[in-house]
Amino acid sequence: MEYAVLPKSALGSFVDALRQYGKVIAPVAKSERHFAFEEVTDARDIALKYIPTILPPKKYFMPQYETLAEYDIREGQKLYPVVEVEHIVLFGVHTCDLAGIQCLDVVFSDRPKDLNYLVRRGYVTIIGLECNEYCDQYASCGLMGTFLPQGGYDLFFTDLGDYFFVHVGTQRGEDIVANFSLFQRAESRHFWDLQLLRAKKAEIFRPEVPVDRFLLPRMFQEGFEAKVWEDVGNRCLSCANCTNVCPTCYCFDVKDVMNLDLRTGKRIRVWDSCQNEPFAKIASGESFRAERSDRKRHRFNRKFSYPVKRYNRFFCTGCGRCSRVCMAKIDLKETIAQLARETGYLKV
Amino acid sequence: MEKIRISHTGYEVREARILRVTRLTESDKLFELALVGGEILDFEPGQFVEVSLVGIGEAPISLSSSPTQRKSFELCVRAVGRLTHALHRLEPGDVVGIRGPFGVGFPITKLIGHDLLLVAGGIGLAPLRSLIKYILDNRRDFGRVHVLFGCRDPQNLLFQDEIEEWQRRMDVGFQCTVDRADPDWKGNVGLVTSLIPGIDINPEETFAVMVGPPVMYRFVIAELLKKGIPESQIVLSLERHMKCGLGKCGHCQIHDIYCCQDGPVFFYERIKNLKGAI
């Protein structure tokens with residue numbers, strides 16, 4: 001069954017049934033404007049309407065602290081590589097975050113493959129959830145074209161009133177549907193409902209900045225010396241909020257942590273940020289991105305230019321988190337618009 | 001959270017035993033190592049390894065010996081950070097972890113049959129020594145060879161014994177200069193760039209290979225181009241902090257390039273338009 005429907009009244013028992021596949025994680029309201037992916041035991045705790053969570057689901061694929069290897073100094077310099085895994089089901093992942101997970105998949109599957117990521121990845125089941133409405137003024141999924149599902153899920157849910165329309169993306173998704181009796185085969189009226197929603201969405205989700213998405217890499221290359229970088233550099237506080245909340249920022253540091261017994265310990269990786277000054281510093285003390293403007297420009301290029309060249313994919317999903325959390329109110333859409341104005345790429 | 005032990009994730013290390021430690025300057029030591037178990041470290045000049053000490057961490061260090069020396073390898077280490085200071089406290093018989101080798105080394109197959117102009121600045125001599133020794137061990141594969149070395153002051157001169165030997169050799173033109181001399185110094189004084197105009201080379205036939213700080217590259221490249229060496233025959237090694245060595249962690253990234261995997265050795269043509277590369 002490629003397309004199915006699930007009555008909304010069955011959501012509670014469906015979430016209970018999902019627990020056989022692992023810990024169920026879903027968006028939960030923390031305040032009116034703040035949501036977080038957390039373990040849920042009761043479907044009523046799930047926020048079916050939510051704006052992007054504080055942290056993206058990245059934290060389940062690439063934890064803030066992750067053990068890469070363990071050691072015991074009594075065994076000399078021997079290191080034992082480990083992968084920490086847990087069966088989880090991510091329920092309610094929006095299309096922007098699905099795109100983010102796809103970006104991480106591409107990076108960590110690129111040779112040399114990252115087994116810590118890839119092995120853990122196999123333990124995660126992903127159930128997407130469509131945004132019927134536009135979330136807030138910070139998002140740019142219209143520009144990035146990420147407001148519709150483009151794969152990267154086992155199942156994808158669309159809320160169509162009293163039922164969910166479900167697209168099955170993988171064999172694992174197929175099994176979940178087959179093992180839960182309340183799914184029904186989608187009929188033509190369900191497809192009509194979906195089409196109606198998508199047509200309505202096509203009117204709401206428009207490019208937030210009048211630029212051609214496919215010209216963005218060229219615009220960023222040509223705008224390398226643009227004044228906008230100096231402007232955002234002057235405002236940036238180098239707090240690294242933007243990289244922490246970004247669904248596609250994956251830079252990390254590798255370091256050793258000794259256990260309290262002072263004999264055993266682990267080599268871990270932790271999230272790091274190109275926005276921190278020491279990030280590109282070398283032993284001689286030279287820093288290759290010493291200025292905040294250099295670092296801001298680097299981050300933007302790592303979303304709109306460099307990965308397009310390397311992986312043929314934008315690493316901005318339009319989720320808007322970086323703009324939402326910026327203490328200096330540096331806005332991604334405004335930055336792109338200013339760059340587009342300076343380089344002549346703004347459509348008039 | 002379940003833990004799975006797997007043998008190869010890219011973060012596993014091989015143990016290597018220190019055979020010999022030689023002090024080169026106040027802050028530089030040369031370590032000769034061999035993999036425990038007799039395995040040979042398969043590397044090329046210009047590549048690097050991650051040196052690991054459990055509880056302290058890792059640091060990327062260039063291979064300083066030539067792969068023609070099969071049974072052991074050498075690392076020239078300046079004590080600047082946590083790991084390198086800890087390394088300096090180690091003695092023959094002690095064991096370290098080694099990950100790698102990583103990266104793209106000097107393009108030896110392209111250099112074969114050509115004249116060479118090798119330029120090193122400061123600790124840049126450490127990785128370049130690997131190539132110099134390789135060339136000397138395969139001397140007939142190459143045309144005329146010039147080596148220029150610039151150093152801050154005579155106290156910081158690395159590999160003094162070998163420099164004296166290279167200076168004596170008839171099949172290598174070796175010149176050395178210091179930025180600041182002391183009363184005992186009898187050699188050249190000035191930047192390494194000042195040596196370039198005086199050397200006699202056939203620019204079309206010559207590949208220039210250099211390792212040093214970015215500021216040296218900017219000036220040396222200008223001199224090389226003035227000398228008539230084509231851009232496509234200029235090779236350099238870029239220093240960055242390679243933390244993972246696997247093209248992931250982002251620390252060594254220059255534009256869309258990961259220095260640890262795509263470099264550290266590049267043709268000048270490849271990086272000349274990347275702002276911030278040199």
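All values below come from the heavy atoms of this structure, side chains included, with hydrogens, waters and symmetry mates left out. Every chain is numbered from 1 and lettered A, B, ... according to where its sequence line falls, protein lines coming before strand lines. On a predicted model such as this, the values are computed, not experimentally measured, just so you know.
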Peer 1: Give, for atom OG of A:Ser284 and atom CD of B:Glu239, the distance between the pair rounded to the nearest 0.5 Å.
Peer 2: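 These two atoms lie 5.5 Å from each other.
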Peer 1: Could you tell me which residues in residues 251-258 of chain A have at least one non-hydrogen atom under 4.5 Å from a non-hydrogen atom of chain B, sorted by residue number?
Peer 2: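 Against chain B, the residues of residues 251-258 of chain A that fall inside the cut-off (heavy atoms, under 4.5 Å) are A:Cys251, A:Phe252, A:Asp253, A:Val254, A:Asp256, A:Met258.
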Peer 1: Looking only at heavy atoms, what is the nearest atom pair of B:Gly250 and A:Arg302, with distance?
Peer 2: CA-NH1, 4.0 Å
Peer 1: Atom CG of residue position A:Asp261 - does it have more than 12 heavy atoms of other residues, nucleotides or ligands inside 6.0 Å?
Peer 2: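 Counting other residues, nucleotides and ligands, CG of A:Asp261 exceeds 12 neighbours.
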Peer 1: Just how far is it from atom CG of A:Leu79 to atom CZ of B:Arg14, taken to the nearest 0.5 Å?
Peer 2: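 Between A:Leu79 CG and B:Arg14 CZ, I get 13.5 Å after rounding to 0.5 Å.
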Peer 1: Grab the two heavy atoms, one from A:Phe288 and one from B:Pro214, that are nearest each other, plus how far apart they are.
Peer 2: CE2-CG, 3.7 Å
Peer 1: Identify which part of A:Arg263 has an atom lying under 4.5 Å from any heavy atom of chain B, answering side chain, backbone, both or neither.
Peer 2: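 No part of A:Arg263 comes within 4.5 Å of chain B.
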Peer 1: Say whether, by atom type as modelled, one donor and one acceptor occur between the side chain of B:His251 and the main chain of A:Ala280 under 3.5 angstrom.
Peer 2: no
Peer 1: Which of residues 49-59 of chain B have a heavy atom under 4.5 Å from any heavy atom of chain A?
Peer 2: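 Against chain A, the residues of residues 49-59 of chain B that fall inside the cut-off (heavy atoms, under 4.5 Å) are B:Ser52, B:Leu53, B:Val54, B:Gly55, B:Ile56, B:Gly57, B:Glu58.
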Peer 1: Among B:Lys243, B:His8, B:Arg240, who wins on heavy-atom pairs under 4.5 Å with chain A?
Peer 2: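 With the most close heavy-atom pairs to chain A, the winner is B:Arg240.
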Peer 1: Minimum heavy-atom separation for A:Asn116 and B:Tyr11, please, with both atom names.
Peer 2: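 Residues A:Asn116 and B:Tyr11, closest heavy atoms: OD1-CD1, 4.0 Å.
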Peer 1: So which residue, A:Thr264, A:Asn301, A:Ile282, A:Asp294, ends up with the most heavy-atom pairs under 4.5 Å with chain B?
Peer 2: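 Of the candidates given, the most pairs with chain B belong to A:Ile282.
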Peer 1: Checking heavy atoms, do the side chain of B:Glu15, its backbone, both or neither come under 4.5 Å from chain A?
Peer 2: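 When you check distances to chain A, only side chain atoms of B:Glu15 fall under 4.5 Å.
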Peer 1: With a 4.5 Å heavy-atom cut-off (strictly below), which parts of residues 214-232 of chain A touch chain B? List them by number.
Peer 2: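 The residues closer than 4.5 Å to chain B, in numerical order, are A:Phe224, A:Glu225.
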Peer 1: Name the option with the most non-hydrogen atom pairs under 4.5 Å to chain B; the candidates are A:Val119, A:Val83, A:Leu115, A:Asp72.
Peer 2: A:Val83
Peer 1: If you check every heavy atom in residues 255-266 of chain B against those of chain A, which residues fall under 4.5 Å?
Peer 2: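 Hits under 4.5 Å: B:His255, B:Asp256, B:Ile257, B:Tyr258, B:Gln261, B:Asp262.
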Peer 1: Check this for me: B:Phe219, atom CZ, are more than 12 non-hydrogen atoms of other residues, nucleotides or ligands nearer than 6.0 Å?
Peer 2: no
Peer 1: Using non-hydrogen atoms only, which part of A:Phe108 is less than 4.5 Å away from chain B: side chain, backbone, both, or neither?
Peer 2: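 Contact with chain B involves both backbone and side-chain atoms of A:Phe108.
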Peer 1: Distance from A:Glu66 atom CD to B:Met1 atom CE, nearest 0.5 Å?
Peer 2: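 It comes to 9.0 Å.
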Peer 1: I'd like to verify something: which residue of A:Glu84, A:Lys113, A:Arg310, A:Glu86 has the highest number of heavy-atom pairs under 4.5 Å with chain B?
Peer 2: A:Arg310
Peer 1: Give, as side chain, backbone, both or neither, the part of B:Val96 having an atom under 4.5 angstrom from any heavy atom of chain A.
Peer 2: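 The answer is the backbone of B:Val96.
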Peer 1: Apply side-chain contact (heavy atoms from CB on, under 4.5 Å) to B:Val13 and A:Tyr71, showing your working.
Peer 2: CA-CA 11 Å; B:Val13 298; A:Tyr71 57 79; over 6 Å; no
Peer 1: Out of curiosity, B:Ser7 OG to A:Tyr80 OH, how far, rounded to the nearest 0.5 Å?
Peer 2: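 Interatomic distance, B:Ser7 OG to A:Tyr80 OH, rounded to 0.5 Å: 12.5 Å.
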Peer 1: B:His241, B:Lys3, B:Glu12: which one forms the most heavy-atom pairs within less than 4.5 Å of chain A?
Peer 2: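 It is B:Lys3.
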Peer 1: Between A:Glu70, A:Arg269, A:Lys281, which shows the greatest number of heavy-atom pairs under 4.5 Å with chain B?
Peer 2: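 Sorted descending by pairs with chain B, the first entry is A:Glu70.
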Peer 1: Determine the minimum heavy-atom distance between B:Lys248 and A:Pro112, stating which atoms define it.
Peer 2: NZ-O, 3.0 Å
Peer 1: Check the surroundings of atom CZ in A:Arg19: do more than 12 heavy atoms from other residues, nucleotides or ligands lie under 6.0 Å from it?
Peer 2: yes
